[in-house]
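A quick write-up on the structure given underneath.
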Amino acid sequence: MQIVQQTQRALRLGLLEPGDRLPTAREVVEVTAINPNTVLKAYRELERQGLVAGRRGLGTFVLRPLDSTADSPLGAALDDWARRALASGIDREGAAEFMDAALDKHFPKEEQ
C-alpha cells in the first residue's frame, strides 16, 4: 500500500491537485517494476476513498485534495518547530526521531 500512502502524501502536500492525471499502471510498472495488479489494487483503494476516479480510455484523475496543514496554524507550528530544531543543532534524522516519538505517544500503532 505504499502507492496509496505516497499518493495520499502528495495530495496532502498539494503536489497532486484535483484534475491531475495519475500515471497509468503501465507507466508505474515501467518505472518501479511493481506488479501491475498491485498498482491497480492501489488505484482501486484510492477510488474507494473517493480521492481519484478512473475515466475509461483517459486514465485515473485526482478528485479532491486531502486536508493540508500547510496553510493552517498547525502547519505554521510544525514549521516553527522544525526551524527551532534546526537552530538548536538537531539534524534531520534527530528531528524525525523526536517527531516519531511524539506520534507514537499520541497516535499509538495498532497491534499487528
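Predicted, not measured: the structure shown is a model, and the values here were computed from it.
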Exercise. Run the numbers on Y43 and I3 for side-chain contact (heavy atoms from CB on, under 4.5 Å), then give the verdict.
Key: CA-CA 8 Å; Y43 281 16; I3 294 171; 4.2 Å; yes
Indicate, with yes or no, if [Y] and [X] share a hydrophobic cluster defined by side-chain heavy-atom contacts under 4.5 Å among Ile, Leu, Val, Met, Phe, Trp and Tyr.
| X | Y | value |
| --- | --- | --- |
| M1 | I34 | yes |
| L58 | V52 | no |
| F107 | W81 | yes |
| F98 | L74 | yes |
| F61 | L46 | no |

Practice problem: Please assess R48 against E45 for the test side-chain contact (heavy atoms from CB on, under 4.5 Å), listing each intermediate value before the final yes or no. | Solution: CA-CA 5 Å; R48 190 194 65 74; E45 174 59 21; 2.7 Å; yes
Quiz prompt | Other residues, nucleotides, ligands: >12 heavy atoms within 6.0 Å of R64 CZ | solution = yes
Shortest non-hydrogen separation from [X] to [Y] and the atoms involved:
| X | Y | value |
| --- | --- | --- |
| A95 | I90 | N-CG2, 3.3 Å |
| L66 | Q8 | CD1-O, 3.4 Å |
| D20 | L15 | OD2-O, 4.1 Å |
| G59 | R21 | CA-CD, 4.4 Å |

Gap between atom [atom2] of [Y] and atom [atom1] of [X] - 0.5 Å precision:
| X | Y | atom1 | atom2 | value |
| --- | --- | --- | --- | --- |
| L16 | L51 | CG | CG | 10.5 Å |
| E97 | D104 | CD | CG | 11.5 Å |
| R83 | L78 | CZ | CG | 11.5 Å |
| L40 | T24 | CG | OG1 | 9.5 Å |

Self-check item: Carboxylate-amine/guanidinium contact R44 E47, below 4.0 Å
Solution: no
Exercise. Begin from the C-alpha positions of L22 and V62 and carry the test side-chain contact (heavy atoms from CB on, under 4.5 Å) through to its verdict.
Key: CA-CA 7 Å; L22 297 183; V62 173; 4.2 Å; yes
Quiz item: So, do K41 and N37 sit near enough that their side-chain heavy atoms are less than 4.5 Å apart?
Solution: no
Practice problem: Give the C-alpha distance, both sets of side-chain angles, the deciding distance and a yes or no for side-chain contact (heavy atoms from CB on, under 4.5 Å) between L11 and E17. | Solution: CA-CA 7 Å; L11 291 168; E17 297 181 350; over 6 Å; no
